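Here is how names work: the chains are called A, B, and so on, in the same order as the sequence lines, proteins then strands, and each is numbered from 1. Predicted, not measured: the structure shown is a model, and the values here were computed from it.
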Amino acid sequence: MHWADYTAKKLAERGGPQVVVSGITPSGEFHIGHLSEILTAEMIHRACLDSGIQSRYVFIVDSMDPLRRVYDFLSPSYESYIGVPLANIPAPDENGEPDKEGGSYAEFFLRPFLDALKQIGVEPEVVMNHLTYSNGEFAEMIDSAIVNREKIHEIIESISGRDLPEDWFPYNPLGSSGSLDGVKVTGYEKPFVHWVDSTGATGKSDIRLAEGKMPWRIDWAARWAIHGVTCEPAGKDHGAAGGSYDTGIPICELLGGKPPEKMVYEWIQLKGMGPMSSSTGVTIGPMEALSLVPPEILRYVIARSKINRHIEFDTGTALFEVADEYERFQMPSEEVGDISKRQRIARDTQLGAMRLSQVERGSDPADSIAGVSFRHLSMLAQIKSDDEGVWTSLQRSGHISGEPGVSLRGRLERMRNWIEGEHFPEAARITIQNEVDSSIASEIDEVSRSFLGLLTQGLGTCNWNEDSISETIRECAANSGLGNRKAYIALYLVILGRDYGPRISSLMSEMDREFLIGIISSI
RNA sequence: GCGCCUCUAGCUCAAUUGGCAGAGCAUCGGACUCUUAAUCCGCAGGUUCCGGGUUCAAGUCCCGGGGGGCGUACCA
């Protein structure tokens with residue numbers, strides 16, 4: 001059984017309609033790790049729906065979180081916004097300067113992320129956390145937390161093992177500058193929290209408005225209660241012993257809620273570069289990833305792994321292998337009867353991963369492939385400079401009949417991006433030789449040479465299309481007494497400098513005739 | 001320090017939460033006058049990290065040890 005289906009089953013035992021949630025702070029550019037968090041939760045949501053359980057998927061944006069520091073992509077003028085909630089800060093412009101016209105910082109980073117999510121079939125209910133504060137939904141929780149602050153203090157100290165300061169308070173008001181930093185609470189009279197900030201200014205925050213926020217550990221627990229969250233997979237940073245998941249559960253109960261079961265997922269990493277981090281520059285944006293990888297394959301990368309194992313996100317050769325694996329399972333094997341129990345389980349899990357990888361819930365995985373393998377497309381995209389040439393080739397080879405569909409067009413577009421970019425593996429790149437290297441030439445024996453000699457003549461007169469070229473190759477091979485296989489190898493060596501390659505006649509028909517004949521006769 | 005994850009075929013990983021250890025890739029052998037990074041068939045590959053324990057039965061559970069990866073010390 002797939003992990004998402006297993007979790008759905010567990011949630012069904014808990015009962016009631018499910019509320020599956022992800023929460024992310026929009027402190028900067030979103031990366032593939034965030035995508036992983038979203039997909040993990042969304043797949044559980046889908047698994048619930050697929051097994052007939054009522055479920056909502058909610059994306060809570062931590063827009064009330066303060067700016068912690070001036071990130072590299074921000075200008076120093078953001079210094080004055082440190083401690084200010086992200087919803088209240090202007091978005092940066094292209095120079096990293098605050099742009100008063102550009103909407104809020106939180107919105108600025110959120111918008112493209114939501115677009116990317118749409119492309120992979122994720123359309124969550126979005127909750128901006130600062131609005132949950134400003135519309136008063138947090139008020140009762142804040143009051144309750146303040147009333148119970150001794151207990152909460154005790155929970156956090158005993159579970160996390162850290163000492164909280166004597167004047168610790170479960171609510172941080174915004175000071176006169178709009179920042180949470182350096183503001184001390186001086187009293188509480190429901191619904192007002194009185195404070196004095198670092199400049200000596202005093203004031204009061206209305207807990208029914210977004211005039212302050214609870215610290216993370218309480219905020220998280222309170223929102224579980226407010227939104228009735230039943231499941232929220234969290235990154236392992238929250239999962240450490242004594243971490244926010246461990247304190248969140250008893251705090252949520254104290255506040256009268258029923259917390260979700262602790263669920264921790266492993267982080268996704270870029271191949272060979274350690275964990276994703278915007279500060280170290282190890283990051284790949286969801287938009288970038290989506291410009292290269294077909295959306296169902298991106299989903300599949302998450303769906304195929306268990307959540308407690310880290311994922312190496314690799315936009316190189318491994319992409320071919322993942323795509324192969326995805327494509328292999330398109331064909332349902334007929335003889336299901338003979339396989340062992342264990343094999344059947346593995347197969348069911350795999351089919352679950354396929355099901356959850358579809359951009360549109362319930363669609364047939366075969367539709368996403370559109371009859372053309374990822375590898376084949378990578379070859380065609382390299383030898384056919386225009387899209388029409390690719391479609392014509394696919395029609396002639398019988399891969400598709402009629403015009404290509406939307407999914408296939410999208411695949412080709414992404415494939416071209418991939419090929420042009422830095423991530424495309426060199427081994428898969430087709431490079432036509434300008435001249436034949438001497439070490440290559442030495443690999444070509446006498447019989448092959450006579451074949452190549454015949455071929456230059458044939459190529460001089462044949463029609464310049466795939467079929468005629470292919471015919472010519474075979475004729476020349478036969479006339480020179482060389483097996484077809486060897487003939488092809490000789491051609492690969494001369495044209496590509498290695499002994500394998502794509503369908504050579506297809507490639508040759510794309511090349512300039514004189515240039516090609518020149519190369520072959522140079523041997 | 002505290003804690004989490006992980007170790008199974010050369011590689012990447014499965015194994016219905018205790019019931020016959022198995023897939024893909026790679027290698028090797030074979031087939032195909034051939035939509036040539038293709039397809040098909042086949043061989044081989046194992047002390048499931050080590051040591052104990054529980055059990056009719058352990059890759060799976062318990063205890064101990066080791067290797068690797070990572071998180072975390074007023075902050076999602």
TODO: Assign A/Arg309 to base, sugar-phosphate, or nothing according to its heavy-atom contacts below 4.0 angstrom with the strands shown.
DONE: sugar-phosphate
Open item on the list: Without decimals, in angstroms, what is the distance between A/Asn308 CG and B/C5 C1'?
Closed with: 7 Å
Task: Side-chain donor-acceptor contact under 3.5 Å, A/Asn129 with A/Ser63 - done: no
Task: Pairing partner of B/C11 (Watson-Crick or G-U wobble, both distances under 3.5 Å) - done: B/G24
Open item on the list: Can you measure A/His310 atom NE2 to B/U12 atom C1' for me and round it to whole angstrom units?
Closed with: 12 Å
Task: Opposite nucleotide pairing with B/G3, Watson-Crick or G-U, both atom distances under 3.5 Å - done: B/C70
Open item on the list: Is there a side-chain contact between A/Arg375 and the phosphate of B/C25, meaning an N or O under 4.0 Å from OP1 or OP2?
Closed with: no
Task: No-hydrogen, no-angle side-chain donor-acceptor test under 3.5 Å, A/Tyr171 and A/Asp219 - done: no
Task: Side-chain donor-acceptor pair present, A/Thr349, A/His2, cut-off under 3.5 Å - done: no
Open item on the list: So A/His376, base contact, sugar-phosphate only, or nothing? Heavy-atom distance under 4.0 Å.
Closed with: nothing
Open item on the list: For A/Ala221 versus A/Gly248, what's the shortest heavy-atom pair and its separation?
Closed with: CB-O, 3.4 Å
Task: Side chain of A/Asp237 - closest among B/A14, B/C5, B/U72 - done: B/U72
Task: Options B/U33, B/G71, B/U17, nucleotide nearest the side-chain atoms of A/Tyr6 - done: B/U17
Open item on the list: Applying a 4.0 Å non-hydrogen cut-off, can you work out what A/Gln382 is touching in the nucleic acid: base, sugar-phosphate, or nothing?
Closed with: base
